Amino acid sequence: MADFFTNLLCKLGLALDIRIGTEFPVIVLCNTYAKPFVFDGVQCGSIEGFLQAVKLTDHDQQIRVCSLSGMEAKNESTSLWKKSQTVWWGGVEYDRQGVEFQALLRRVYRACYDQNELFRSALVATGNKRLVHLVGKCDPRETILTRDEMCDILTELRSL
């Protein structure tokens, strides 16, 4: 039922659905969209590259995956983290459900926001419309970033 109302808000122009295949500004907000930035000294090609990298334990593999964007980054996905609900960054283990991981997510988005003018411009261009991600998953045990987590972070950044 919630998706019905969210779709209605989108049709009325009160919400924007972040997804591939759309135009500016929404497409730029997609995690797969190429938005180069540096995070903790590592060159990232997109937020998606980072999200896939934290599923890996090997630092060299993380660096390689971080540099990717688009489907190239998305195709690096692995589900190995799901059983333990553990992800890794900078040699540190994070509980996917923990507050430390939430802080890490906010730091990576903030780094992209601070360094990538196109990303900042896209967020500003959304005005005060509600940001939604209808194709995203809701269960944090099944995805590295839920649709609510993503939209909450973007909305926080937009208010800076």
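All values derive from a computational prediction rather than experimental measurement. All residue numbers in this chain count up from 1 along the given sequence. For the numbers below, each heavy atom of this structure counts, side chains included, while hydrogens, waters and symmetry mates do not.
Note on ring orientation: taking the six-membered ring where Trp is involved, the planes of F119 and Y109 are tilted (angle from 30° to 60°).
With salt bridges taken as basic N to acidic carboxylate O contacts below 4.0 Å, none links D139 and K137. Salt bridge R106/E100: absent, no basic N to carboxylate O contact under 4.0 Å.
Between I20 and T32, the closest side-chain pair of non-hydrogen atoms falls below 4.5 Å. Between V42 and C66, some side-chain heavy-atom pair lies under the 4.5 Å cut-off. Taking the side chain as every heavy atom from C-beta outward, M71 and E48 never approach each other to under 4.5 Å. Considering only heavy atoms from C-beta on, C138 stays 4.5 Å or farther from D148 through its side chain. At least one side-chain heavy atom of E76 sits under 4.5 Å from a side-chain heavy atom of R64. I144 is listed as a side-chain neighbour of R96, based on a closest heavy-atom distance under 4.5 Å. Between R107 and D40 there is a side-chain heavy-atom pair separated by less than 4.5 Å. Side-chain contact between I63 and Q61 is absent, with no heavy atoms from C-beta onward closer than 4.5 Å.
When all heavy atoms of L118 and Y33 are compared, the closest pair comes out as CD2-CE2, 3.8 Å. Pairing each heavy atom of L29 with each of A122, the nearest pair is CD2-CB, 3.9 Å. Between F24 and V28, the shortest heavy-atom distance links the atoms CD1-CG2, 3.7 Å.
The side-chain hydrogen bond (donor to acceptor under 3.5 Å, both in side chains) check on K55 picks up Q52, S77, with sequence neighbours excluded.
A donor-acceptor distance shorter than 3.5 angstrom exists from the side chain of K35 to the backbone of C30, with no hydrogens or angles considered. Without hydrogens or angle criteria, Q62 side chain to A53 main chain gives a donor-acceptor distance under 3.5 Å. No donor-acceptor pair closer than 3.5 Å links the side chain of T143 to the backbone N or O of P140. Judged by distance alone, the side chain of Q85 and the main-chain N or O of R141 form a donor-acceptor pair under 3.5 Å. Panel note: side chain R120, backbone Y113; a donor-acceptor pair is recorded below 3.5 Å.
The cluster map of Ile, Leu, Val, Met, Phe, Trp and Tyr, joined by side-chain heavy atoms under 4.5 Å apart, puts W81 and L104 in the same cluster. The cluster map of Ile, Leu, Val, Met, Phe, Trp and Tyr, joined by side-chain heavy atoms under 4.5 Å apart, puts L160 and V108 in the same cluster. Residues W88 and V65 do not share a hydrophobic cluster, defined by chaining ILVMFWY side chains whose heavy atoms lie under 4.5 Å apart. Taken together through direct or relayed side-chain contacts under 4.5 Å among Ile, Leu, Val, Met, Phe, Trp and Tyr, I27 and V132 form parts of separate hydrophobic clusters. Hydrophobic clustering keeps V99 apart from V87 (ILVMFWY residues linked when any side-chain heavy atoms are closer than 4.5 Å, directly or through intermediates).
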Stepwise ring-ring contact (aromatic ring centres under 6.0 Å, His included) check, W89 with F39: CA-CA 11 Å; W89 182 249; F39 182 68; 5.8 Å; yes
Before you tell me yes or no, could you show the steps for L123 and L154 under side-chain contact (heavy atoms from CB on, under 4.5 Å), namely the whole-Å CA-CA distance, both residues' side-chain angles and the distance that decides it to 0.1 Å? CA-CA 7 Å; L123 267 175; L154 291 173; 4.1 Å; yes
List the steps, then state whether side-chain contact (heavy atoms from CB on, under 4.5 Å) holds for L131 with H133. CA-CA 7 Å; L131 301 176; H133 185 53; over 6 Å; no
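Atoms CG and CZ, from D152 and R147 in turn, are 12.0 Å apart once rounded to the nearest 0.5 Å. Between the OG1 atom of T78 and the CG atom of L56 there is a distance of 7.0 Å, given to the nearest 0.5 Å. Interatomic distance, CZ of F37 versus SG of C112, reported as 4.5 Å (0.5 Å rounding). The CZ atom of R110 sits 15.5 Å away from atom CG of L105, with the distance rounded to the nearest 0.5 Å. M150 CE to I18 CD1: the interatomic distance, rounded to the nearest 0.5 Å, is 4.0 Å. Note that the OG atom of S69 and the CG atom of N31 stand 12.0 Å from one another [nearest 0.5 Å].
Other residues, nucleotides and ligands contribute at most 12 non-hydrogen atoms within 6.0 Å of the CD atom of E72. Other residues, nucleotides and ligands place more than 12 heavy atoms under 6.0 Å from the CD atom of Q97.
Of the N and O atoms on the side chains of T126 and R158, at least one donor lies less than 3.5 Å from an acceptor on the other residue.
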